[in-house]
A.B. asks: 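Handing you a structure now.
Just so we're on the same page: letters track the sequence lines, and every chain starts at 1.
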Number of protein chains: 2
Amino acid sequence: MADTVKDEKELMSTPVGVVRDPAFFRKVKGVEVLTETEAVAIDRQNRKVTLQNTAGGDSSVIEYDALILATGSSPVIPPLEGCALPGIITVKSIEDAILLKEQAVSGNLACVVGAGLIGLETAEALAERGMQVTVVELCNQVLPGILDDEMANLLEQHIKSKGIKVMTSCRVTGFAGTGRVEQVITDQGEVSTDLVVLAIGARPNVDLARVAGLAIGETGAIAVDDRLRTSDPAIYACGDCCETVNLVTGAPLNAPLGSTANKQGRVAGINATGGDATFAGVLGTAILKAFDFNAGKTGLTEVAARAAGYTVETVLSASPDRAHFYPAAQPIALKLVADATTGRLLGLQAVGPGAVDKRLDAAATAITFRATVEQVSHLDLAYAPPFSAAMDNLIVAADILKNKLAGHARGISPRQVKRMLDEGDDFVLLDVRSPAEHAAMRLAGANLVPLGALREKLDSLPRDKEIVTFCKISLRGYEAQKILNAAGFSRVRFMDGGILTWPYGVETEHNA
Amino acid sequence: MADTVKDEKELMSTPVGVVRDPAFFRKVKGVEVLTETEAVAIDRQNRKVTLQNTAGGDSSVIEYDALILATGSSPVIPPLEGCALPGIITVKSIEDAILLKEQAVSGNLACVVGAGLIGLETAEALAERGMQVTVVELCNQVLPGILDDEMANLLEQHIKSKGIKVMTSCRVTGFAGTGRVEQVITDQGEVSTDLVVLAIGARPNVDLARVAGLAIGETGAIAVDDRLRTSDPAIYACGDCCETVNLVTGAPLNAPLGSTANKQGRVAGINATGGDATFAGVLGTAILKAFDFNAGKTGLTEVAARAAGYTVETVLSASPDRAHFYPAAQPIALKLVADATTGRLLGLQAVGPGAVDKRLDAAATAITFRATVEQVSHLDLAYAPPFSAAMDNLIVAADILKNKLAGHARGISPRQVKRMLDEGDDFVLLDVRSPAEHAAMRLAGANLVPLGALREKLDSLPRDKEIVTFCKISLRGYEAQKILNAAGFSRVRFMDGGILTWPYGVETEHNA
């Protein structure tokens with residue numbers, strides 16, 4: 001969020017500006033908060049915790065009836081040469097953010113290692129403070145695990161358009177510098193820098209629990225049941241340090257996120273004080289604002305769904321986030337992932353300058369209740385032109401996916417089209433937009449036959465080759481497929497999402 | 001939307017600017033559109049429709065295998081004296097909007113009859129064109145049927161702050177003028193005006209269906225089954241002219257809205273062409289932008305839920321729509337309505353300058369799947385500070401409602417507090433905010449005891465009187481209730497929503 005928050009105290013305050021310090025907790029909540037105090041050992045048999053003042057001094061012991069572990073997580077520091085050099089920092093606490101702010105000198109170079117949520121948010125913040133930023137990512141895309149590659153490519157293009165250099169499929173092997181970091185060493189060469197931010201993930205803080213003999217789950221986080229009880233019924237865990245469940249697959253998952261931690265804190269608190277509350281799990285919902293782009297997902301990506309064994313159908317769909325005639329309308333691209341066997345919605349990814357959060361929230365709710373794509377397509381969402389089109393983006397995408405699941409619509413992903421173009425496959429790439437749209441922006445290798453002229457020009461198209469149709473958002477692309485199918489062309493597919501979701505560069509009036 | 005759309009052709013266009021005229025339908029869709037043609041009779045036995053050119057000339061007959069009625073609705077014209085005077089118009093078609101634009105002369109007076117969605121949207125549009133606007137509404141609030149009164153009052157206050165005069169509980173008895181409307185006659189006196197817009201609702205156009213002997217439902221719209229088939233299996237109906245079902249209550253409902261019409265059109269089209277699609281019903285979701293305020297609902301209002309026989313629990317909750325430290329954050333007020341017996345969420349109302357649409361869509365999805373308040377409170381919604389607080393407004397509201405349903409939290413509505421104040425009840429209205437907040441804005445008759453000082457000042461409070469606590473949003477109000485309960489005060493309630501949702505006027509530094 002760049003320099004959006006002027007005073008870090010705001011981050012510790014309630015919405016009405018009350019700073020949540022120990023005095024606040026004592027006076028308002030009747031809760032004693034011991035700061036600068038580390039819990040160093042748990043004596044489960046006698047229900048005691050040993051405390052150590054971090055400023056030194058004697059240790060002390062407190063007793064408990066119920067204990068809640070909320071030990072959080074820590075940024076992963078890779079075991080690489082030079083990692084301890086000054087100028088290499090992580091971002092986790094408010095103190096980290098203050099340090100980052102001090103070191104972010106306008107005009108200097110910065111290198112962010114890791115293109116996940118924290119990495120990209122930090123890259124934006126540094127760029128907006130005037131630094132020249134390079135992001136280095138081991139995977140072949142930004143936001144790995146959150147977006148499938150074609151959606152990630154759209155985000156990456158936007159980030160690059162803002163002057164950020166993005167190096168994907170790039171392995172960092174060490175850091176070098178005299179007295180302070182000066183180079184990031186990678187398998188794609190050295191990156192000169194004045195500042196390095198490590199953002200390669202977080203690891204749950206489980207040492208206290210592990211030494212106390214509590215069960216640690218396969219994700220490396222503290223194992224808990226649906227009441228957030230650990231393997232010791234007097235001890236609960238919540239937040240980044242504990243495991244939860246993926247509501248779609250049922251698999252254990254460590255999903256460190258403030259929204260989850262808040263909900264879990266409530267559940268652990270209720271249960272530790274004699275109540276009975278449950279926490280069923282999460283969908284791995286995540287969202288990011290990066291410059292003028294928003295990006296997020298809920299549920300499973302296509303990659304995750306296939307890995308979990310689902311037979312998958314997907315759709316890419318791009319359209320304005322409000323009635324298209326409404327001036328504030330901005331495009332967003334959605335990717336829905338469904339179980340082709342049951343028609344159940346498994347996941348949504350959403351990117352673009354428009355309101356992606358609203359569609360993610362509706363989809364997260366639908367996925368929670370195991371909605372089918374058919375059910376999503378009939379949701380009675382709030383419609384007026386300042387808020388959405390009469391058919392909301394989510395509903396349009398669900399309708400296209402229904403057409404695919406029923407076999408009416410035959411799509412092909414931009415990724416596959418790119419591969420066919422790169423490999424020189426013999427097929428017809430058919431742009432069915434208007435001549436004006438084609439002149440302004442087009443795909444290399446595409447033939448133009450505007451949709452309105454298609455019925456008259458059927459004879460000009462080969463019947464023995466595959467035809468891939470597309471338009472701006474692939475509404476006309478789909479209509480072209482139907483017209484061609486009706487005319488006896490059998491090998492026709494439309495390109496999912498149209499040119500709006502083509503993430504590989506286009507020819508324009510300027511660059512052609 | 002005021003003058004937001006510059007060219008009415010945009011309203012008839014696809015998102016890429018293709019005007020959907022008869023030539024478009026012929027060339028692209030292979031569909032013949034007969035304009036200026038009225039269907040005047042259906043011969044169901046012989047499956048024929050008689051057509052009449054509206055410009056005159058001979059009638060003609062076409063045959064059908066399947067027939068779809070999409071006859072829409074018409075604005076209700078009240079049977080009042082002077083109703084036909086020039087200068088009295090309705091708003092339904094694009095032509096109406098063009099006429100309205102011509103007659104909206106800056107500086108002139110306008111009177112809008114009806115404070116529903118269309119009435120308020122029109123009032124905003126006329127005010128933004130410089131007219132002095134009065135809205136006259138028969139009910140005792142704006143948006144009757146869409147908002148409960150306390151939520152409607154918040155919207156009404158905003159509309160009034162923009163210079164619109166709002167007259168509620170006001171019956172129009174006629175119109176007067178020489179050659180053109182000059183007065184609206186009401187039971188609260190005459191309203192001088194240069195222009196009248198009638199916006200008292202729409203009536204489904206069912207004459208064609210009724211004369212053909214098709215069943216008309218109890219709502220006055222064409223009766224259809226869940227495949228949108230009328231009582232004649234060869235005839236379908238969709239859109240404003242037909243009935244649908246309220247998904248919460250199961251009751252029939254005529255809900256004329258573009259989003260519903262779009263979905264139904266798809267279902268009717270699929271079924272009429274041999275496919276099999278169903279349309280289950282709607283939640284009566286509605287949304288409005290009025291100046292800088294958004295307002296909407298999904299599911300049942302409190303009034304509707306009680307009328308349907310539910311035992312109801314509700315909550316009012318106001319908070320910023322994003323992380324409170326994020327500069328773009330804007331407050332919104334939510335009202336949740338739940339079935340107290342089952343804990344099921346029945347409805348959400350949302351008003352305020354912030355993003356109400358997102359919460360409505362998530363709630364609409366949850367209500368569709370018969371979610372409980374407990375389930376809503378654990379939804380894995382998309383969180384990052386630019387999009388929401390860690391605990392989204394919807395989740396906070398659900399948590400408070402859970403506390404109420406469990407008996408932990410005891411709320412009282414602003415409406416009840418106002419009544420107690422007006423009737424001079426002997427109770428303590430306890431403002432637990434800070435002195436600075438109290439100085440800036442306060443409720444007449446309230447005593448100030450900041451929350452942090454409450455534990456020390458218990459002796460100053462009477463144990464024999466009812467105490468009503470409140471703060472800005474009633475988080476502290478609830479905490480005060482808990483502190484007082486723990487200290488043995490038994491007759492304590494917190495005021496739902498706090499001063500942010502108090503819709504009856506406050507004392508400020510300026511008006512005290």
A.B. asks: Can you tell me which portion of A:L283 sits under 4.5 Å from chain B's heavy atoms? Options are side chain, backbone, both or neither.
C.D. replies: both
A.B. asks: Given the options A:A362, A:C471, A:A364, which has more heavy-atom pairs under 4.5 Å with chain B than any of the others?
C.D. replies: A:A362
A.B. asks: Give, as side chain, backbone, both or neither, the part of B:K482 having an atom under 4.5 angstrom from any heavy atom of chain A.
C.D. replies: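 Looking at B:K482, nothing touches chain A.
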A.B. asks: Which bit of B:V432 comes within less than 4.5 Å of chain A, counting heavy atoms only: side chain, backbone, both or neither?
C.D. replies: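 Looking at B:V432, nothing touches chain A.
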A.B. asks: Given a strict heavy-atom distance threshold of 4.5 Å, which part of B:E374 is in contact with chain A: side chain, backbone, both, or neither?
C.D. replies: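 Interface part for B:E374: side chain.
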A.B. asks: Between B:K263 and A:L379, what is the shortest heavy-atom contact and its length?
C.D. replies: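 Heavy-atom minimum between the residues: NZ-O, 2.7 Å.
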A.B. asks: If you define the side chain from C-beta out and look only at heavy atoms, does anything of B:T260 sit under 4.5 Å from A:D380?
C.D. replies: yes
A.B. asks: So which part of B:S377 gets closer than 4.5 Å to some heavy atom of chain A, the side chain, the backbone, both or neither?
C.D. replies: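 When you check distances to chain A, only backbone atoms of B:S377 fall under 4.5 Å.
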A.B. asks: A:A329, A:A382, A:A328: which one forms the most heavy-atom pairs within less than 4.5 Å of chain B?
C.D. replies: A:A382
A.B. asks: For B:I483, is it the side chain, the backbone, both or neither that has a heavy atom under 4.5 Å from a heavy atom of chain A?
C.D. replies: side chain
A.B. asks: A side-chain contact here means heavy atoms from C-beta on lying under 4.5 Å apart; do B:F369 and A:Q375 qualify?
C.D. replies: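 Yes. Closest side-chain heavy atoms under 4.5 Å.
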A.B. asks: Do A:K29 and B:E479 come close enough that some side-chain heavy atom pair is under 4.5 Å?
C.D. replies: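 Counting from C-beta outward, A:K29 and B:E479 do come under 4.5 Å.
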A.B. asks: Side chain from CB out, backbone as N, CA, C, O: work out which of these in B:A23 comes under 4.5 Å of a heavy atom of chain A, or both, or neither.
C.D. replies: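 Interface part for B:A23: neither.
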A.B. asks: Which bit of A:A480 is near chain B, if near means a heavy-atom gap under 4.5 Å: side chain, backbone, both or neither?
C.D. replies: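 Neither part.
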A.B. asks: Taking side chain as everything from C-beta outward and backbone as N, CA, C, O, which of these in A:R266 sits under 4.5 Å from a heavy atom of chain B? Side chain, backbone, both or neither.
C.D. replies: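 Only the side chain of A:R266 comes within 4.5 Å of chain B.
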A.B. asks: Given a strict heavy-atom distance threshold of 4.5 Å, which part of A:V376 is in contact with chain B: side chain, backbone, both, or neither?
C.D. replies: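 A:V376 has no heavy atom closer than 4.5 Å to chain B.
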A.B. asks: Side chains of B:T368 and A:H378: closer than 4.5 Å at any heavy-atom pair?
C.D. replies: no
A.B. asks: Is chain B contacted by the side chain of A:I395, its backbone, both, or neither, given a heavy-atom distance below 4.5 Å?
C.D. replies: side chain
